[in-house]
Amino acid sequence: MTWIDIGALDDIPARGARVVKTAQGCVAVFRTQDDRVFALDDRCPHKGGQLSEGLVHGHRVTCPLHNWVFDLETGQAQGADEGQVATFAARIEGGRIWLDAARLLRRGAA
Amino acid sequence: MARKLVVIGAGMASGRMLEHLTETAPEAFDITLLNAEARGNYNRIMLSPVLAGDKTYDQIVTHDDAWYAARSIACRFGAPVTRIDRAAKTVISGGQTTPYDKLVIATGSAPFIIPVPGRELPGVVSFRDLDDVGTMQAAAARGGAAVVIGGGLLGLEAAAALAAQGMQVSVIHLMGHLMERQLDPAAGYLLQKELEGRGITIHCRGATKAILGADRAEAVLLEDGTIYPADLVVMAVGIRPETRLAVDAHLEVERGIVVSDQMVTSDPDILAVGECTEHQGQLFGLVAPLYDQAQVAAQVLLAEPAAFRRRQTATKLKVTGCDLFSAGDFADGEGREEIVFRDPARGIYKRLVLQGDRLIGAVMYGDTADGNWFFGLMKESADLSDMRETLIFGPAFQGGAPADPMAAVAALPDDAEICGCNGVNKGRIMAAIQGGAGTLEAVRACTKASGSCGTCSGLVEQLMAATLGEAFAAPAARPICGCTELTHEDVRRLIKARALKSMPAVMQELGWKTSCGCHVCRPALNFYLLADWPLDYRDDPQSRLVNERNHANIQKDGTYSVMPRMWGGMTNPEELRAIADAAEKFGAAVKVTGGQRIDLLGIAKADLPEIWADLNAAGMVSGHAYSKGLRTVKTCVGSDWCRFGTQDSTGLGITLEKRLWGAWTPHKVKLGVSGCPRNCAEATCKDIGVVCVDSGYQIGVGGAAGMDVKQTERLVDVASEQEAIDWIVAFVQLYREHGKYLDRPYKWVAKVGLGWVQEVLADDRRRAELVARFDLSQTIYQKDPWAARTDAATRRAWSPLADLTREAAE
Ligand code: SRM
Ligand SMILES: Cc1cc2nc3c(=O)[nH]c(=O)nc-3n(C[C@H](O)[C@H](O)[C@H](O)COP(=O)(O)OP(=O)(O)OC[C@H]3O[C@@H](n4cnc5c(N)ncnc54)[C@H](O)[C@@H]3O)c2cc1C
Ligand code: SF4
Ligand code: FES
């Protein structure tokens with residue numbers, strides 16, 4: 001694991017998200033109502049919508065373009081829609097958000 | 001040969017009796033109708049609207065000459081009966097003697113005149129018949145001051161009507177609060193506040209000592225020494241049964257003419273109906289039970305079995321804008337419990353009185369929509385133990401499983417009474433609708449439902465909606481989303497009724513099934529809360545969908561479009577230059593939109609604050625092309641340039657846009673203002689469209705030109721620009737207060753009915769209040785979102801949290 005400090009928890013509004021740019025495309029980092037953080041690819045498998053612009057509810061996000069709903073823990077599309085978004089490990093420590101960038105950096109190096 | 005029936009008094013009770021009689025057995029009697037008033041039967045209840053100028057006498061006539069002629073009823077109007085000769089079986093009026101086999105006394109009641117000095121002076125009137133109305137109208141035409149003695153139903157209807165006619169009105173009431181027989185002190189207080197708001201002076205605990213004046217009334221003197229100047233004095237302190245003929249004829253009379261269950265007096269050939277009667281020790285003052293008497297009397301005359309049973313009555317005040325309802329017994333007492341609800345801000349008060357598990361009384365002020373439902377529970381004596389907790393919230397909120405009003409009327413049994421005045425039950429109305437009555441008027445014509453005081457019109461319409469389905473477009477009750485069982489309508493009601501002022505409060509109190517809602521309910525709740533509590537609630541960006549949160553329209557590729565306002569479609573070289581510069585600087589595509597302005601497409605999110613700052617610098621603000629709020633106001637060149645233009649349509653469009661922008665609405669709102677009926681601004685397919693004409697402004701609402709195409713319906717025609725603006729602002733606010741989230745105005749108007757919207761807005765006071773509430777909200781929300789978001793913090797927030805591209809490269 002390669003933990004990288006990407007910013008303060010307070011940089012993300014509760015029930016909101018921010019984006020981390022990587023060479024592989026953007027990662028959406030979500031902060032939920034209960035102050036947990038989740039990181040997912042910022043690309044909807046439907047038509048590429050930016051999940052970081054979606055509305056966050058519970059541990060879910062609704063894509064801003066056509067309202068597909070994804071589970072933040074698994075990246076799995078909910079309901080009748082089929083698709084999955086890649087997820088990344090993220091944790092909070094001392095009010096900072098840490099992202100496991102191993103896969104991102106590896107993908108970048110490859 | 002037909003027997004002779006003589007009827008004394010052509011009032012509301014006898015009129016109804018004659019209808020029953022001649023419908024059932026047209027040949028049974030030779031009928032003579034004698035009346036003291038110089039006219040036949042009319043709807044006495046409606047004298048208040050006549051006095052207020054809302055109706056004419058012709059509109060309240062229930063039986064005209066043709067009606068009597070068709071039934072061969074001999075009429076003698078304008079001559080009081082002076083004597084009944086029981087031995088000879090005749091009645092004497094105006095020197096004429098009329099023999100009878102059966103006699104019906106229906107002389108109603110006479111106004112009670114308090115025995116104070118000066119009561120005989122000209123200028124002192126009572127409020128009972130059309131002649132009184134004539135006297136009052138003549139006085140009102142001269143202006144000046146009126147004093148109404150008596151703060152009951154009649155007195156207040158007279159006071160409101162006279163005030164509406166421009167008189168300076170004072171009400172003297174003996175008791176501690178108004179309408180004390182129908183209202184408790186709290187509701188009486190709200191009513192008093194309301195009337196005082198209209199400029200009427202209310203003097204409670206006031207005992208009249210004398211009416212002063214040399215040869216006509218000039219002032220009223222109270223026991224406490226207060227003097228009110230008066231060009232007109234209206235005595236409305238009560239009524240007493242008109243029993244003089246019966247007394248002289250030695251019939252049994254207590255306070256009223258004593259009648260049996262069959263409406264027969266102590267003389268078997270003489271019946272009595274109406275307010276002149278006394279039944280089991282009780283007198284009458286409202287029309288509903290009298291109609292039952294009329295039915296019974298008709299049957300008894302035809303030798304059919306029938307018996308009168310007293311029923312409970314409910315009271316409403318026929319003063320536009322004073323919504324009150326009262327029924328049953330609402331006094332405190334041993335073993336009684338009350339449930340009270342108050343909303344001081346909105347002037348709503350409701351109180352239910354229970355005895356055991358039964359409802360025995362209800363008083364409501366401000367919001368009386370559920371009155372009939374409570375009244376029904378009272379009449380059925382229903383066991384309420386299951387819904388005690390939520391009872392006060394009405395039928396829409398029972399046991400957490402809300403029923404929509406359609407389902408509620410659909411579920412009523414056939415014998416449920418819909419029109420209290422006329423005793424029309426659901427079954428009869430259904431039969432009429434199924435028989436082809438497709439409008440309220442048609443149903444009224446064949447059943448009489450809603451034909452008297454008219455307050456049940458809404459219920460009748462709901463029945464029609466439930467029966468005719470599609471034709472009435474009755475919406476099914478659908479919960480907002482999976483997070484709740486409640487509908488949008490219920491939630492809006494409950495947010496107001498229970499003063500829920502935050503998202504957590506709504507979710508907690510209304511039992512949301514999820515921790516923080518979803519993308520369907522949250523934007524709706526956010527809107528409802530900010531619209532209902534502009535001062536208390538703080539907008540929640542996280543409950544807005546992407547466009548409103550970012551103040552720009554997201555595009556398919558994740559870039560955004562930026563659209564500044566062009567007030568009324570007008571722009572200038574400076575603005576165009578700034579737009580051109582911005583387009584160049586940020587590499588935007590430039591498009592002229594369908595809404596008379598310019599769109600800059602393809603802007604990266606992180607660049608938004610900067611382009612906003614640039615456009616702000618040239619004096620431009622957000623065009624809200626992304627919001628559920630005011631979009632564009634399309635205008636044409638109007639009288640400034642066009643040879644056909646009748647008014648300054650461009651100027652009015654700009655004024656409207658400047659007034660309305662920034663306000664959040666249930667869905668987007670677009671306006672058009674055309675300078676003449678050629679309608680170049682396409683005003684007749686907008687949410688709100690104004691077409692200017694020589695005589696003023698035609699305001700239409702509920703147009704559509706998106707997924708549905710619909711022409712606007714005329715809201716009102718007004719003469720001045722100021723009135724046009726007031727009506728439009730008030731319309732928008734009414735939509736904000738009542739619309740369901742994501743219903744464009746045309747859908748909302750279709751649900752509530754244009755008639756209702758017109759009625760509310762036509763009330764000067766309510767219109768002004770709506771405008772005031774809108775303006776209050778604008779003090780919070782009419783802020784350019786761009787100007788508020790060009791700072792460093794926004795720039796950071798609109799940019800990526802971190803950039804790992806370099807790390808990856810290493
Ligand atoms: C830019 C514009 C098209 C154009 O290039 O002219 C436009 C663009 C969009 N319209 Fe529109 N509408 C535009 C004028 C119209 C008009 C014509 C008009 O306003 O005179 C209509 C029909 C009139 C009406 O509103 O009834 C119109 C009816 C719609 C509808 C259907 C609304 C309805 O209730 O039926 C939607 C969908 C919605 O709002 O839910 C929509 C939604 C949209 C959205 C916001 C779709 C979206 O959610 O992303 C489009 C944004 C595109 C983008 O990428 O930025 N747009 N749209 C026009 C902007 C006008 C402006 O200056 O603000
Ligand atoms: C302004 C006003 C508003 C009202 N609002 C409501 C309301 O909202 N709801 C409600 O339920 N009720 C209301 N009422 C009460 C309702 O009008 C009466 O309950 C109803 O009219 C009584 O009917 P009636 O037939 O007994 O008497 P009336 O309708 O009064 O008719 C009696 C008739 O008999 C005539 N008459 C009297 N003596 C003689 C005689 N000796 N010879 C010949 N004719 C005679 C009278 O001239 C009169 O025309 C209102 C009343 C008024 C005045
Ligand atoms: S009509 Fe409106 S919503 Fe449809 S593609 Fe064109 S701009 Fe987009
Ligand atoms: S792109 Fe996400 S739902 Fe269509």
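First the proteins, then the strands, lettered A, B, ... as listed; each starts at 1.
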Report task. Take A:Q50 and B:V546 through the side chain to side chain contact (heavy atoms under 4.5 Å, CB included) test and state the conclusion after the steps. Result -> CA-CA 10 Å; A:Q50 294 156 298; B:V546 56; over 6 Å; no
Requested in this report: Report, by ascending residue number, the residues of residues 55-68 of chain A in heavy-atom contact with chain B at a distance under 4.5 Å; give 'none' if the set is empty.
Outcome: A:L55, A:V56, A:H57, A:G58, A:T62, A:P64, A:L65, A:N67
Query raised in the report: B:N550 versus chain A, heavy atoms under 4.5 Å apart: side chain, backbone, both or neither?
Result: side chain
**Report entry** Smallest separation among heavy atoms of A:A14 and B:Q542, with atom names
**Finding:** O-CG, 3.3 Å
Query raised in the report: Is A:R15 close to B:D540 at the side-chain level, that is, under 4.5 Å between some pair of heavy atoms?
Result: yes
Report summary line: Per-residue tally against chain B (heavy atom, under 4.5 Å) across A:C26, A:G54, A:G49, A:G7 peaks at A:G54
Query raised in the report: In terms of heavy-atom pairs under 4.5 Å, which option from B:C483, B:A797, B:G517 contacts chain A the most?
Result: B:A797
Query raised in the report: Is it the case that more than 12 heavy atoms not belonging to A:K47 sit under 6.0 Å from its NZ atom?
Result: no
Report task. Pick one of side chain, backbone, both or neither for B:R522, based on which atoms fall under 4.5 Å of a heavy atom in chain A. Result -> side chain
**Report entry** Winner by heavy-atom pair count (cut-off under 4.5 Å) against chain A, out of B:P541, B:S543, B:C516
**Finding:** B:C516
Requested in this report: Would you indicate whether the side-chain heavy atoms of B:H519 and A:V69 approach each other to under 4.5 Å?
Outcome: yes
**Report entry** Crowding at CZ, A:R96 (>12 non-hydrogen neighbours, <6.0 Å)
**Finding:** yes
Query raised in the report: With respect to chain B, which residue among A:T32, A:V20, A:D5 yields the maximal number of heavy-atom pairs within a distance under 4.5 Å?
Result: A:V20
Query raised in the report: Would one find more than 12 heavy atoms of other residues, nucleotides or ligands at under 6.0 Å from atom NZ of A:K21?
Result: no
Requested in this report: Mind listing the closest non-hydrogen atom pair of A:I6 and B:L801 along with its distance?
Outcome: O-CG, 3.6 Å
Requested in this report: Please check if atom CZ in A:R43 has more than 12 non-hydrogen atoms from other residues, nucleotides or ligands closer than 6.0 Å.
Outcome: no
Query raised in the report: Would you say A:V19 and B:K605 make side-chain contact, with heavy atoms under 4.5 Å?
Result: no
**Report entry** Heavy-atom pair of closest approach, residues A:R18 and B:S799
**Finding:** NH2-O, 3.0 Å
Query raised in the report: Around atom CD of B:Q508, are there more than 12 heavy atoms of other residues, nucleotides or ligands at under 6.0 Å?
Result: no
Query - Region of B:D557 that comes under 4.5 Å of a non-hydrogen atom in chain A - result: neither
Report task. Let me know if B:P523 has heavy atoms under 4.5 Å from chain A in its side chain, its backbone, both or neither. Result -> side chain
Requested in this report: Give a yes or no answer on whether the side chain of B:R549 reaches the backbone of A:E53 with a donor-acceptor pair at less than 3.5 Å.
Outcome: yes
